[in-house]
Amino acid sequence: MRAAPSAEFTEAVLAVVAAIPPGRVMTYGDVAAVLGSRAARAVGNVMSWYGSDVPWWRVIRASGRPAAGHEDRALEHFRAEQTPLVTTDGGGYRVDLRRARHDPA
DNA sequence: AAGTTGACTTTCG
DNA sequence: TCGAAAGCCAACT
């Protein structure tokens, strides 16, 4: 285990993630931006620790791919929520950020 | 106080 | 469009 974020930071992140509507997604950087910071990595840490209590699959990387190692589980949710996806030739996939990106403002 | 780590981002080739 | 390298932030040792 590595560096559990402070309670303040954790609650703030969970609140933002929980506010993302179904079928939409936000990048780690976006979530951090809402908190007034650029700690995208710290956001990832919060997900690894408390992600089980929020729709963590709606938080993805700027590349349009979900958290590393969780792509399979995330795909199930995306298909269930009809999130805009882009299937790649290699059998992989990626979220269509241009359409699915959620703007909290 | 300095070094290490991570569900990241951006820039360059 | 893809991969490698450097940059950044927060928290731990």
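Sequence lines set the chain letters: A, B, ... in the order given, protein chains first and strands last, and positions in each chain run from 1.
- Contact annotation: A:R61 side-chain N/O to B:dT10 OP1/OP2 distance is not under 4.0 Å.
- At whole-Å resolution of the value, CD in A:E11 and P in C:dA10 are 17 Å apart.
- Following rounding to the nearest Å, A:R65 (CZ) and B:dT9 (P) show an atom-to-atom distance of 11 Å.
- Nucleotides B:dC12 and C:dC8 have their P atoms positioned 13 Å apart, rounded to a whole Å.
- Computed from coordinates, the A:E8 CD to C:dC9 P distance equals 20 Å when rounded to whole Å.
- Using a 4.5 Å heavy-atom threshold, the side chains of A:L75 and A:L85 count as touching.
- Remark: A:S37, A:R38, A:A39, A:R41 in residues 31-41 of chain A come within less than 4.0 Å of DNA chain C through at least one heavy atom.
- When side chains are defined from C-beta on, A:S63 does not count as touching A:R94, because their heavy atoms never get closer than 4.5 Å.
- Regarding A:D30, its CG atom lies at a distance of 14 Å from the C1' atom of B:dT10, rounded to whole Å.
- With rounding to whole Å, A:Y50 atom OH is found 14 Å from C:dA10 atom C1'.
- Summarising the geometry, the separation between OH on A:Y28 and P on C:dA10 is reported as 17 Å, rounded to the nearest angstrom.
- Backbone-only contact: A:S6 has heavy atoms under 4.0 Å from sugar-phosphate atoms and none from a base.
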